[in-house]
**Student:** 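I have a structure I would like to understand better, so I am pasting it below and will then ask my questions one at a time.
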2 protein chains.
Amino acid sequence: MARQELTERAPGSERIQRKRGKRVKEIVETAAELFGEHGYDAVSLDDVAERLDVTKGSLYYYFPSKEELATAAIETLGDEWTARLERLAEQHEGGHAGLLRTLLHEHITIAVRDYPAALRLFLFPRAWPTAQADRIKELRGRHDAVFRRVIEAGVGDGEFIVTRVDTTLQCMHAAMAQSPLWFARLRGKARGNAITELTETLMMLVGQLPRTG
Amino acid sequence: MARQELTERAPGSERIQRKRGKRVKEIVETAAELFGEHGYDAVSLDDVAERLDVTKGSLYYYFPSKEELATAAIETLGDEWTARLERLAEQHEGGHAGLLRTLLHEHITIAVRDYPAALRLFLFPRAWPTAQADRIKELRGRHDAVFRRVIEAGVGDGEFIVTRVDTTLQCMHAAMAQSPLWFARLRGKARGNAITELTETLMMLVGQLPRTG
DNA sequence: ACAAAATTTGACTCTGGAGTCAATAGATGA
DNA sequence: TCATCTATTGACTCCAGAGTCAAATTTTGT
(Lines give C-alpha, C1' and ligand atoms only; values in the text may rest on other atoms or scores of the structure.)
Protein backbone atom coordinates (compact mmCIF):
# COMPACT_ATOMS: atom_id res chain seq x y z
CA MET A 1 0.00 0.00 0.00
CA ALA A 2 2.52 2.61 -0.98
CA ARG A 3 3.76 4.07 -4.25
CA GLN A 4 1.11 4.26 -6.89
CA GLU A 5 2.99 2.97 -9.88
CA LEU A 6 0.71 0.04 -10.55
CA THR A 7 1.24 -1.02 -14.10
CA GLU A 8 0.76 2.27 -15.89
CA ARG A 9 3.28 5.09 -15.86
CA ALA A 10 4.08 8.40 -17.36
CA PRO A 11 5.28 7.31 -20.81
CA GLY A 12 9.03 7.33 -21.31
CA SER A 13 8.98 6.47 -24.99
CA GLU A 14 7.27 4.11 -27.35
CA ARG A 15 9.80 1.33 -27.30
CA ILE A 16 10.43 1.59 -23.61
CA GLN A 17 6.76 1.27 -22.92
CA ARG A 18 6.56 -1.89 -24.96
CA LYS A 19 9.56 -3.28 -23.18
CA ARG A 20 8.02 -2.50 -19.85
CA GLY A 21 4.77 -4.12 -20.87
CA LYS A 22 6.59 -7.24 -21.90
CA ARG A 23 8.37 -7.41 -18.58
CA VAL A 24 5.14 -6.94 -16.69
CA LYS A 25 3.64 -9.75 -18.68
CA GLU A 26 6.51 -12.07 -17.85
CA ILE A 27 6.15 -11.30 -14.19
CA VAL A 28 2.42 -11.71 -14.15
CA GLU A 29 2.59 -15.00 -15.98
CA THR A 30 5.21 -16.39 -13.66
CA ALA A 31 3.21 -15.22 -10.69
CA ALA A 32 0.09 -16.84 -12.13
CA GLU A 33 1.87 -20.16 -12.40
CA LEU A 34 3.08 -20.02 -8.84
CA PHE A 35 -0.08 -18.70 -7.21
CA GLY A 36 -2.13 -21.06 -9.34
CA GLU A 37 -0.08 -24.02 -8.24
CA HIS A 38 0.42 -23.30 -4.55
CA GLY A 39 -2.04 -20.60 -3.53
CA TYR A 40 -1.58 -17.09 -2.26
CA ASP A 41 -0.16 -17.65 1.19
CA ALA A 42 2.16 -20.42 0.15
CA VAL A 43 3.98 -18.22 -2.36
CA SER A 44 6.30 -15.43 -1.21
CA LEU A 45 7.52 -12.63 -3.40
CA ASP A 46 10.98 -14.04 -2.98
CA ASP A 47 9.70 -17.20 -4.61
CA VAL A 48 8.32 -15.28 -7.55
CA ALA A 49 11.50 -13.25 -7.84
CA GLU A 50 13.70 -16.30 -7.75
CA ARG A 51 11.73 -18.00 -10.49
CA LEU A 52 12.37 -14.90 -12.60
CA ASP A 53 16.04 -14.69 -11.64
CA VAL A 54 15.65 -11.24 -10.14
CA THR A 55 15.26 -9.92 -6.62
CA LYS A 56 12.14 -8.94 -4.75
CA GLY A 57 12.95 -5.26 -5.13
CA SER A 58 12.41 -5.47 -8.86
CA LEU A 59 8.89 -6.71 -8.40
CA TYR A 60 8.11 -3.64 -6.35
CA TYR A 61 9.29 -1.53 -9.22
CA TYR A 62 6.37 -2.88 -11.23
CA PHE A 63 3.77 -3.62 -8.57
CA PRO A 64 3.04 -1.74 -5.37
CA SER A 65 2.16 -4.79 -3.31
CA LYS A 66 1.89 -8.53 -3.27
CA GLU A 67 -1.85 -8.26 -3.50
CA GLU A 68 -1.73 -6.16 -6.65
CA LEU A 69 0.58 -8.65 -8.25
CA ALA A 70 -1.60 -11.53 -7.19
CA THR A 71 -4.71 -9.82 -8.48
CA ALA A 72 -3.08 -9.17 -11.82
CA ALA A 73 -1.96 -12.77 -11.95
CA ILE A 74 -5.40 -14.08 -11.17
CA GLU A 75 -6.91 -11.82 -13.78
CA THR A 76 -4.56 -13.06 -16.46
CA LEU A 77 -5.09 -16.63 -15.53
CA GLY A 78 -8.83 -16.22 -15.29
CA ASP A 79 -9.10 -14.38 -18.59
CA GLU A 80 -7.30 -17.09 -20.47
CA TRP A 81 -9.26 -19.78 -18.73
CA THR A 82 -12.60 -18.17 -19.41
CA ALA A 83 -11.64 -17.55 -23.01
CA ARG A 84 -10.93 -21.22 -23.53
CA LEU A 85 -14.32 -22.16 -22.17
CA GLU A 86 -16.08 -19.51 -24.21
CA ARG A 87 -14.40 -20.80 -27.34
CA LEU A 88 -15.65 -24.28 -26.57
CA ALA A 89 -19.14 -22.94 -26.03
CA GLU A 90 -19.14 -21.18 -29.39
CA GLN A 91 -17.85 -24.13 -31.36
CA HIS A 92 -20.26 -26.55 -29.82
CA GLU A 93 -23.25 -27.89 -31.68
CA GLY A 94 -25.90 -30.13 -30.25
CA GLY A 95 -27.85 -30.30 -27.01
CA HIS A 96 -27.24 -28.41 -23.85
CA ALA A 97 -26.25 -31.56 -22.01
CA GLY A 98 -23.42 -32.20 -24.42
CA LEU A 99 -22.11 -28.69 -24.08
CA LEU A 100 -22.31 -28.65 -20.31
CA ARG A 101 -20.53 -31.98 -20.16
CA THR A 102 -17.79 -30.64 -22.40
CA LEU A 103 -17.39 -27.49 -20.33
CA LEU A 104 -17.21 -29.34 -17.06
CA HIS A 105 -14.71 -31.80 -18.41
CA GLU A 106 -12.46 -29.13 -19.82
CA HIS A 107 -12.69 -27.01 -16.71
CA ILE A 108 -11.71 -29.86 -14.44
CA THR A 109 -8.92 -30.85 -16.76
CA ILE A 110 -7.38 -27.39 -16.72
CA ALA A 111 -7.71 -27.20 -12.97
CA VAL A 112 -6.14 -30.56 -12.34
CA ARG A 113 -3.43 -30.37 -14.93
CA ASP A 114 -2.37 -26.73 -14.97
CA TYR A 115 -3.52 -24.77 -11.93
CA PRO A 116 -4.25 -27.01 -8.97
CA ALA A 117 -4.65 -24.15 -6.50
CA ALA A 118 -6.13 -21.50 -8.73
CA LEU A 119 -9.81 -22.07 -8.15
CA ARG A 120 -9.42 -21.64 -4.44
CA LEU A 121 -8.22 -18.12 -5.07
CA PHE A 122 -11.59 -17.35 -6.62
CA LEU A 123 -13.60 -19.44 -4.30
CA PHE A 124 -13.00 -17.65 -1.11
CA PRO A 125 -12.58 -13.95 -1.16
CA ARG A 126 -9.83 -14.08 1.47
CA ALA A 127 -10.70 -10.55 2.43
CA TRP A 128 -9.08 -8.88 -0.53
CA PRO A 129 -8.98 -5.16 0.05
CA THR A 130 -12.08 -3.90 -1.65
CA ALA A 131 -10.36 -2.64 -4.78
CA GLN A 132 -9.11 -6.07 -5.75
CA ALA A 133 -12.20 -7.77 -4.43
CA ASP A 134 -14.26 -6.05 -7.10
CA ARG A 135 -11.95 -7.02 -9.92
CA ILE A 136 -11.99 -10.61 -8.79
CA LYS A 137 -15.72 -10.63 -8.34
CA GLU A 138 -16.20 -9.41 -11.87
CA LEU A 139 -13.82 -12.01 -13.21
CA ARG A 140 -15.68 -14.67 -11.31
CA GLY A 141 -18.88 -13.39 -12.77
CA ARG A 142 -17.71 -13.77 -16.36
CA HIS A 143 -16.40 -17.18 -15.61
CA ASP A 144 -19.63 -18.16 -13.96
CA ALA A 145 -21.67 -16.82 -16.83
CA VAL A 146 -20.33 -19.43 -19.24
CA PHE A 147 -21.86 -22.17 -17.16
CA ARG A 148 -24.89 -20.21 -16.14
CA ARG A 149 -25.91 -19.63 -19.74
CA VAL A 150 -25.90 -23.31 -20.63
CA ILE A 151 -27.75 -24.29 -17.52
CA GLU A 152 -30.40 -21.65 -17.91
CA ALA A 153 -30.84 -22.56 -21.54
CA GLY A 154 -31.12 -26.21 -20.62
CA VAL A 155 -33.64 -25.48 -17.92
CA GLY A 156 -35.62 -23.31 -20.32
CA ASP A 157 -35.79 -26.13 -22.84
CA GLY A 158 -36.85 -28.59 -20.20
CA GLU A 159 -33.68 -30.58 -20.72
CA PHE A 160 -32.34 -29.82 -17.24
CA ILE A 161 -33.98 -29.82 -13.86
CA VAL A 162 -32.60 -27.76 -10.99
CA THR A 163 -33.77 -26.52 -7.64
CA ARG A 164 -32.09 -23.20 -8.19
CA VAL A 165 -29.49 -22.28 -10.76
CA ASP A 166 -27.26 -20.42 -8.31
CA THR A 167 -27.11 -23.31 -5.94
CA THR A 168 -26.34 -25.71 -8.75
CA LEU A 169 -23.50 -23.52 -9.94
CA GLN A 170 -22.07 -23.15 -6.48
CA CYS A 171 -22.03 -26.89 -5.99
CA MET A 172 -20.33 -27.47 -9.31
CA HIS A 173 -17.66 -24.89 -8.62
CA ALA A 174 -17.07 -26.14 -5.11
CA ALA A 175 -16.50 -29.66 -6.35
CA MET A 176 -14.32 -28.62 -9.26
CA ALA A 177 -12.18 -26.46 -7.02
CA GLN A 178 -11.42 -29.46 -4.84
CA SER A 179 -10.80 -31.87 -7.66
CA PRO A 180 -7.09 -31.13 -8.07
CA LEU A 181 -6.64 -32.29 -4.50
CA TRP A 182 -8.56 -35.49 -5.06
CA PHE A 183 -6.81 -36.37 -8.29
CA ALA A 184 -3.35 -35.14 -7.46
CA ARG A 185 -1.89 -38.63 -7.24
CA LEU A 186 -3.52 -39.99 -10.37
CA ARG A 187 -1.76 -39.99 -13.73
CA GLY A 188 -2.62 -40.77 -17.30
CA LYS A 189 -5.61 -42.99 -17.82
CA ALA A 190 -6.60 -43.18 -14.16
CA ARG A 191 -6.74 -39.42 -14.01
CA GLY A 192 -8.74 -39.25 -17.19
CA ASN A 193 -11.26 -41.71 -15.80
CA ALA A 194 -11.56 -39.82 -12.56
CA ILE A 195 -12.25 -36.61 -14.43
CA THR A 196 -14.91 -38.26 -16.50
CA GLU A 197 -16.54 -39.78 -13.45
CA LEU A 198 -16.61 -36.43 -11.73
CA THR A 199 -18.10 -34.86 -14.83
CA GLU A 200 -20.85 -37.46 -14.93
CA THR A 201 -21.53 -37.00 -11.25
CA LEU A 202 -21.85 -33.25 -11.66
CA MET A 203 -24.20 -33.71 -14.60
CA MET A 204 -26.59 -35.26 -12.12
CA LEU A 205 -26.93 -31.83 -10.54
CA VAL A 206 -28.97 -30.80 -13.56
CA GLY A 207 -30.98 -33.99 -13.53
CA GLN A 208 -28.96 -35.90 -16.12
CA LEU A 209 -28.72 -39.41 -14.75
CA PRO A 210 -25.82 -41.53 -15.91
CA ARG A 211 -26.65 -44.45 -18.18
CA THR A 212 -27.87 -47.14 -15.82
CA GLY A 213 -28.31 -50.54 -17.44
CA MET B 1 7.90 -29.46 18.49
CA ALA B 2 9.50 -29.35 21.89
CA ARG B 3 8.58 -30.62 25.30
CA GLN B 4 6.58 -33.80 25.23
CA GLU B 5 3.90 -33.00 27.73
CA LEU B 6 1.01 -33.35 25.34
CA THR B 7 -2.05 -33.98 27.44
CA GLU B 8 -0.86 -36.85 29.59
CA ARG B 9 1.55 -36.50 32.47
CA ALA B 10 3.11 -38.33 35.34
CA PRO B 11 0.17 -38.32 37.77
CA GLY B 12 0.33 -35.84 40.61
CA SER B 13 -2.80 -37.00 42.35
CA GLU B 14 -6.31 -38.01 41.60
CA ARG B 15 -7.94 -34.63 42.02
CA ILE B 16 -5.16 -32.75 40.32
CA GLN B 17 -5.45 -34.99 37.31
CA ARG B 18 -9.14 -34.32 37.05
CA LYS B 19 -8.55 -30.64 37.38
CA ARG B 20 -5.95 -30.72 34.69
CA GLY B 21 -8.25 -32.66 32.44
CA LYS B 22 -10.96 -30.10 32.97
CA ARG B 23 -8.61 -27.26 32.09
CA VAL B 24 -7.45 -29.06 28.98
CA LYS B 25 -11.05 -29.50 27.99
CA GLU B 26 -11.78 -25.81 28.42
CA ILE B 27 -8.81 -24.92 26.30
CA VAL B 28 -9.62 -27.40 23.57
CA GLU B 29 -13.22 -26.28 23.40
CA THR B 30 -12.31 -22.65 23.15
CA ALA B 31 -9.76 -23.46 20.50
CA ALA B 32 -12.34 -25.49 18.62
CA GLU B 33 -14.68 -22.53 18.56
CA LEU B 34 -12.04 -20.19 17.24
CA PHE B 35 -10.44 -22.52 14.71
CA GLY B 36 -13.87 -23.66 13.64
CA GLU B 37 -14.99 -20.11 13.08
CA HIS B 38 -11.92 -18.55 11.48
CA GLY B 39 -9.65 -21.36 10.36
CA TYR B 40 -6.16 -22.37 11.39
CA ASP B 41 -4.06 -19.54 10.00
CA ALA B 42 -6.45 -16.83 11.03
CA VAL B 43 -6.26 -17.74 14.69
CA SER B 44 -3.15 -17.05 16.74
CA LEU B 45 -2.37 -18.59 20.09
CA ASP B 46 -2.65 -15.13 21.55
CA ASP B 47 -6.23 -15.09 20.33
CA VAL B 48 -6.97 -18.36 22.02
CA ALA B 49 -5.25 -17.25 25.19
CA GLU B 50 -7.11 -13.98 25.30
CA ARG B 51 -10.46 -15.68 24.92
CA LEU B 52 -9.50 -17.78 27.95
CA ASP B 53 -8.20 -14.82 29.93
CA VAL B 54 -4.74 -16.28 30.23
CA THR B 55 -1.47 -15.77 28.38
CA LYS B 56 0.06 -17.77 25.61
CA GLY B 57 2.61 -19.31 27.93
CA SER B 58 -0.12 -21.19 29.75
CA LEU B 59 -1.21 -22.89 26.57
CA TYR B 60 2.29 -24.21 26.11
CA TYR B 61 2.07 -25.70 29.56
CA TYR B 62 -0.66 -27.97 28.23
CA PHE B 63 0.21 -28.32 24.56
CA PRO B 64 3.63 -28.49 22.94
CA SER B 65 2.66 -26.63 19.79
CA LYS B 66 -0.10 -24.84 17.98
CA GLU B 67 -0.59 -27.80 15.72
CA GLU B 68 -1.11 -30.17 18.62
CA LEU B 69 -3.70 -27.85 20.08
CA ALA B 70 -5.40 -27.45 16.75
CA THR B 71 -5.47 -31.17 16.16
CA ALA B 72 -6.97 -31.76 19.58
CA ALA B 73 -9.53 -29.08 18.87
CA ILE B 74 -10.47 -30.55 15.53
CA GLU B 75 -10.78 -33.98 17.06
CA THR B 76 -13.13 -32.73 19.75
CA LEU B 77 -15.20 -30.80 17.32
CA GLY B 78 -15.30 -33.63 14.84
CA ASP B 79 -16.20 -36.22 17.45
CA GLU B 80 -19.15 -34.26 18.67
CA TRP B 81 -20.25 -33.48 15.15
CA THR B 82 -20.04 -37.07 14.02
CA ALA B 83 -21.83 -38.22 17.14
CA ARG B 84 -24.75 -35.93 16.39
CA LEU B 85 -25.05 -37.33 12.88
CA GLU B 86 -24.74 -40.90 14.09
CA ARG B 87 -27.51 -40.32 16.58
CA LEU B 88 -29.74 -39.02 13.82
CA ALA B 89 -28.94 -42.04 11.71
CA GLU B 90 -29.88 -44.41 14.52
CA GLN B 91 -33.16 -42.72 15.34
CA HIS B 92 -34.26 -42.52 11.76
CA GLU B 93 -36.95 -44.74 10.35
CA GLY B 94 -38.05 -44.85 6.77
CA GLY B 95 -36.31 -44.85 3.40
CA HIS B 96 -32.71 -44.05 2.66
CA ALA B 97 -33.64 -40.86 0.87
CA GLY B 98 -35.28 -39.48 3.97
CA LEU B 99 -32.28 -40.27 6.11
CA LEU B 100 -29.78 -38.85 3.69
CA ARG B 101 -31.83 -35.69 3.37
CA THR B 102 -31.93 -35.37 7.15
CA LEU B 103 -28.19 -35.90 7.47
CA LEU B 104 -27.32 -33.40 4.80
CA HIS B 105 -29.64 -30.81 6.27
CA GLU B 106 -28.30 -31.21 9.77
CA HIS B 107 -24.70 -31.21 8.59
CA ILE B 108 -25.11 -28.00 6.65
CA THR B 109 -26.98 -26.41 9.52
CA ILE B 110 -24.20 -27.15 11.99
CA ALA B 111 -21.59 -25.92 9.55
CA VAL B 112 -23.38 -22.68 8.79
CA ARG B 113 -24.55 -21.90 12.29
CA ASP B 114 -21.76 -23.13 14.52
CA TYR B 115 -18.49 -23.74 12.73
CA PRO B 116 -18.25 -21.82 9.46
CA ALA B 117 -14.58 -22.60 8.90
CA ALA B 118 -14.36 -26.05 10.41
CA LEU B 119 -14.95 -28.16 7.35
CA ARG B 120 -12.10 -26.55 5.52
CA LEU B 121 -9.78 -27.84 8.20
CA PHE B 122 -10.76 -31.37 7.23
CA LEU B 123 -11.02 -30.72 3.57
CA PHE B 124 -7.50 -29.88 2.79
CA PRO B 125 -4.79 -31.60 4.68
CA ARG B 126 -2.74 -28.42 4.87
CA ALA B 127 0.39 -30.49 5.18
CA TRP B 128 -0.15 -31.47 8.76
CA PRO B 129 2.97 -33.11 10.08
CA THR B 130 2.33 -36.78 9.52
CA ALA B 131 1.41 -37.58 13.12
CA GLN B 132 -1.57 -35.25 13.12
CA ALA B 133 -2.40 -36.01 9.52
CA ASP B 134 -3.22 -39.57 10.47
CA ARG B 135 -5.46 -38.57 13.34
CA ILE B 136 -7.34 -36.20 11.12
CA LYS B 137 -7.61 -38.71 8.34
CA GLU B 138 -9.14 -41.20 10.70
CA LEU B 139 -11.58 -38.65 12.01
CA ARG B 140 -12.56 -37.76 8.49
CA GLY B 141 -13.08 -41.40 7.77
CA ARG B 142 -15.57 -41.86 10.61
CA HIS B 143 -17.36 -38.74 9.58
CA ASP B 144 -17.48 -39.87 5.99
CA ALA B 145 -18.72 -43.28 6.96
CA VAL B 146 -22.03 -41.93 8.23
CA PHE B 147 -22.87 -40.66 4.78
CA ARG B 148 -21.24 -43.52 2.96
CA ARG B 149 -23.37 -46.09 4.73
CA VAL B 150 -26.64 -44.48 3.73
CA ILE B 151 -25.57 -43.98 0.17
CA GLU B 152 -24.31 -47.50 -0.25
CA ALA B 153 -27.46 -48.86 1.28
CA GLY B 154 -29.54 -46.69 -0.99
CA VAL B 155 -27.62 -47.80 -4.04
CA GLY B 156 -27.93 -51.41 -2.96
CA ASP B 157 -31.69 -51.08 -2.71
CA GLY B 158 -31.90 -49.39 -6.09
CA GLU B 159 -33.21 -46.23 -4.47
CA PHE B 160 -30.12 -44.22 -5.38
CA ILE B 161 -28.11 -43.97 -8.56
CA VAL B 162 -24.48 -42.87 -8.54
CA THR B 163 -21.52 -42.98 -10.86
CA ARG B 164 -19.20 -43.80 -7.99
CA VAL B 165 -19.86 -43.48 -4.30
CA ASP B 166 -16.53 -41.82 -3.51
CA THR B 167 -17.03 -39.17 -6.09
CA THR B 168 -20.54 -38.48 -4.87
CA LEU B 169 -19.31 -38.11 -1.31
CA GLN B 170 -16.50 -35.80 -2.33
CA CYS B 171 -18.89 -33.54 -4.18
CA MET B 172 -21.26 -33.39 -1.25
CA HIS B 173 -18.51 -32.55 1.19
CA ALA B 174 -16.99 -29.96 -1.08
CA ALA B 175 -20.29 -28.17 -1.43
CA MET B 176 -21.16 -28.36 2.24
CA ALA B 177 -17.75 -27.05 3.22
CA GLN B 178 -18.36 -23.97 1.12
CA SER B 179 -21.89 -23.39 2.26
CA PRO B 180 -21.07 -21.25 5.30
CA LEU B 181 -19.46 -18.80 2.93
CA TRP B 182 -22.47 -18.68 0.63
CA PHE B 183 -24.98 -18.32 3.41
CA ALA B 184 -22.99 -16.10 5.73
CA ARG B 185 -25.15 -13.06 5.11
CA LEU B 186 -28.48 -14.84 5.35
CA ARG B 187 -30.46 -14.98 8.59
CA GLY B 188 -33.55 -16.67 9.87
CA LYS B 189 -35.97 -17.87 7.26
CA ALA B 190 -33.81 -16.93 4.28
CA ARG B 191 -31.00 -19.02 5.68
CA GLY B 192 -33.34 -21.92 6.36
CA ASN B 193 -34.57 -21.82 2.78
CA ALA B 194 -31.07 -21.71 1.40
CA ILE B 195 -30.09 -24.73 3.45
CA THR B 196 -33.10 -26.64 2.24
CA GLU B 197 -32.41 -25.73 -1.36
CA LEU B 198 -28.83 -26.86 -1.05
CA THR B 199 -29.99 -30.10 0.51
CA GLU B 200 -32.36 -30.73 -2.36
CA THR B 201 -29.68 -29.94 -4.88
CA LEU B 202 -27.28 -32.37 -3.26
CA MET B 203 -29.95 -35.06 -3.23
CA MET B 204 -29.78 -34.91 -6.98
CA LEU B 205 -26.28 -36.35 -6.73
CA VAL B 206 -27.86 -39.66 -5.82
CA GLY B 207 -30.46 -39.38 -8.51
CA GLN B 208 -33.28 -37.96 -6.39
CA LEU B 209 -34.90 -35.33 -8.54
CA PRO B 210 -36.77 -32.56 -6.79
CA ARG B 211 -40.54 -32.54 -7.19
CA THR B 212 -41.11 -31.00 -10.60
CA GLY B 213 -44.75 -30.28 -11.38
C1' DA C 1 1.51 -22.52 58.73
C1' DC C 2 4.66 -24.20 55.52
C1' DA C 3 7.16 -26.66 51.92
C1' DA C 4 6.54 -28.76 47.66
C1' DA C 5 4.13 -29.14 43.50
C1' DA C 6 1.26 -27.12 39.94
C1' DT C 7 0.18 -23.26 37.33
C1' DT C 8 0.64 -18.81 35.28
C1' DT C 9 3.01 -14.88 33.83
C1' DG C 10 5.46 -11.62 30.87
C1' DA C 11 9.34 -10.52 28.86
C1' DC C 12 12.25 -12.67 25.85
C1' DT C 13 14.17 -14.88 21.23
C1' DC C 14 13.71 -16.29 16.54
C1' DT C 15 11.88 -16.53 12.05
C1' DG C 16 9.67 -15.59 7.66
C1' DG C 17 7.96 -12.55 4.78
C1' DA C 18 6.25 -7.81 3.29
C1' DG C 19 7.74 -3.58 2.08
C1' DT C 20 11.56 0.46 1.53
C1' DC C 21 15.24 2.82 -0.49
C1' DA C 22 19.80 4.75 -1.59
C1' DA C 23 23.21 3.19 -4.46
C1' DT C 24 24.49 0.94 -8.69
C1' DA C 25 24.28 -0.90 -13.30
C1' DG C 26 22.41 -0.75 -17.86
C1' DA C 27 20.01 1.29 -21.75
C1' DT C 28 18.95 5.28 -24.64
C1' DG C 29 19.33 9.13 -27.34
C1' DA C 30 21.70 13.61 -28.47
C1' DT D 1 31.03 10.33 -25.26
C1' DC D 2 28.20 11.94 -21.85
C1' DA D 3 23.87 13.05 -19.41
C1' DT D 4 19.62 11.08 -18.43
C1' DC D 5 16.22 7.91 -17.88
C1' DT D 6 15.15 2.99 -16.66
C1' DA D 7 15.84 -1.07 -14.24
C1' DT D 8 17.89 -3.80 -10.63
C1' DT D 9 20.15 -4.76 -6.50
C1' DG D 10 20.85 -5.97 -1.65
C1' DA D 11 20.90 -4.50 2.62
C1' DC D 12 17.67 -2.55 5.46
C1' DT D 13 13.20 -1.92 8.62
C1' DC D 14 9.06 -3.63 10.48
C1' DC D 15 5.90 -6.77 12.19
C1' DA D 16 3.19 -10.71 13.53
C1' DG D 17 3.17 -14.79 15.48
C1' DA D 18 5.39 -19.23 17.26
C1' DG D 19 7.89 -20.90 20.85
C1' DT D 20 10.96 -20.46 25.48
C1' DC D 21 11.84 -19.96 30.21
C1' DA D 22 13.10 -18.15 34.83
C1' DA D 23 10.60 -16.03 38.16
C1' DA D 24 6.28 -15.16 40.55
C1' DT D 25 1.88 -16.82 42.05
C1' DT D 26 -1.47 -20.17 43.46
C1' DT D 27 -2.87 -24.70 45.03
C1' DT D 28 -2.20 -28.74 47.57
C1' DG D 29 -1.16 -32.00 51.17
C1' DT D 30 0.55 -32.42 55.78
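So you know, we letter chains A, B, ... as the sequences are listed, proteins then strands, and number each from 1. All heavy atoms count here, side chains included; hydrogens, waters and symmetry mates do not.
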**Student:** For E138(B), is there an ion pair with R135(B) - N to carboxylate O distance below 4.0 angstrom?
**Tutor:**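 Looking at E138(B) together with R135(B), the answer is no, because their closest N to O distance does not fall below 4.0 Å.
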
**Student:** Could you state the atom-to-atom distance from CD of E26(B) to C1' of dT7(C) in whole Å?
**Tutor:**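 The distance from CD of E26(B) to C1' of dT7(C) comes to 13 Å, rounded to the nearest Å.
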
**Student:** R20(A) has an atom CZ; how far is it from atom P of dC5(D), in whole Å?
**Tutor:**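 It is 16 Å, rounded to the nearest whole Å.
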
**Student:** Regarding E200(B) and R164(A), does a basic nitrogen lie under 4.0 Å from an acidic carboxylate oxygen?
**Tutor:**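 No, E200(B) and R164(A) are not salt-bridged.
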
**Student:** For L45(B) and for R23(A), locate the closest nucleotide of DNA chain D by heavy-atom distance; then report the residue assigned to the nucleotide nearer the 5' terminus.
**Tutor:**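 Between the two, 5'-proximity favours R23(A).
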
**Student:** Nearest to the side chain of S65(A), which nucleotide is it out of dT9(D), dG19(C), dG19(D)?
**Tutor:**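 The answer is dG19(C).
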
**Student:** Of the nucleotides dA18(C), dT9(D), dA18(D), which has the atom closest to the K56(A) side chain?
**Tutor:**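 Nucleotide nearest to K56(A)'s side chain: dA18(C).
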
**Student:** To the nearest Å, give me how far apart CD1 (I16(A)) and C1' (dG26(C)) are.
**Tutor:**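 One finds 11 Å between C1' of dG26(C) and CD1 of I16(A), rounded.
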
**Student:** Which pairs pass side chain to side chain donor-acceptor pair (under 3.5 Å) with one or both residues in residues 107-116 of chain A, sequence neighbours excluded?
**Tutor:**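 Only H107(A)-H143(A) qualify under side chain to side chain donor-acceptor pair (under 3.5 Å).
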
**Student:** Looking at residues at least two apart in the chain, or sitting in another chain, which of them share a ring-ring contact (aromatic ring centres under 6.0 Å, His included) with Y40(B)?
**Tutor:**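 Here the qualifying residues are F35(B), W128(B).
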
**Student:** In whole angstrom, give the distance that lies between atom CZ of F35(B) and atom P of dG17(D).
**Tutor:**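 The distance from CZ of F35(B) to P of dG17(D) comes to 12 Å, rounded to the nearest Å.
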
**Student:** Is any side-chain nitrogen or oxygen of Y61(A) closer than 4.0 Å to OP1 or OP2 of dA7(D)?
**Tutor:**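 The answer is yes; a side-chain N or O of Y61(A) sits under 4.0 Å from OP1 or OP2.
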
**Student:** Expressed as a whole number of angstroms, how long is the span from Y62(A):OH to dT8(D):P?
**Tutor:**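 Atom-to-atom, Y62(A) to dT8(D), this comes out as 4 Å.
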
**Student:** By nearest atom, which of the nucleotides dG19(D), dA7(D), dT9(C) is closest to the S58(B) side chain?
**Tutor:**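 Given the options dG19(D), dA7(D), dT9(C), the side chain of S58(B) is closest to dT9(C).
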
**Student:** Establish, from distance only, whether the side-chain atoms of D47(B) and H38(B) form a donor-acceptor pair under 3.5 Å.
**Tutor:**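 Short answer, no.
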
**Student:** Nearest-Å distance, NZ (K22(B)) to C1' (dT7(C))?
**Tutor:**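 The answer, rounded to whole Å, is 16 Å.
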
**Student:** Does a side-chain N or O of R15(B) approach OP1 or OP2 of dG29(D) to a distance below 4.0 Å, or not?
**Tutor:**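 R15(B) to dG29(D) OP1/OP2: side-chain N or O found under 4.0 Å.
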
**Student:** Under 4.0 Å between any heavy atoms, over every strand shown, what does K19(B) touch: base, sugar-phosphate, or nothing? Just pick one.
**Tutor:**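 Sugar-phosphate contact only - K19(B) comes under 4.0 Å of backbone atoms but never of a base.
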
**Student:** Indicate, with a heavy-atom threshold strictly under 4.0 Å, whether S44(A) touches base, sugar-phosphate, or nothing.
**Tutor:**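 Counting heavy atoms under 4.0 Å across all strands, the contact made by S44(A) is with sugar-phosphate only.
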
**Student:** Closer than 4.0 Å, any side-chain N/O of Y60(B) to the OP1 or OP2 of dT20(D)?
**Tutor:**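 No.
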
**Student:** Quickly work out the D53(B) CG to dT7(C) C1' distance and round it to whole Å.
**Tutor:**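 Value for this atom pair: 16 Å.
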
**Student:** Got a donor-acceptor pair under 3.5 Å from the side chain of K66(B) to the base of dG19(D)?
**Tutor:**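 No such pair is found, so the answer is no.
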
**Student:** Could you state the atom-to-atom distance from CD of Q17(B) to P of dA6(C) in whole Å?
**Tutor:**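 The answer, rounded to whole Å, is 9 Å.
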
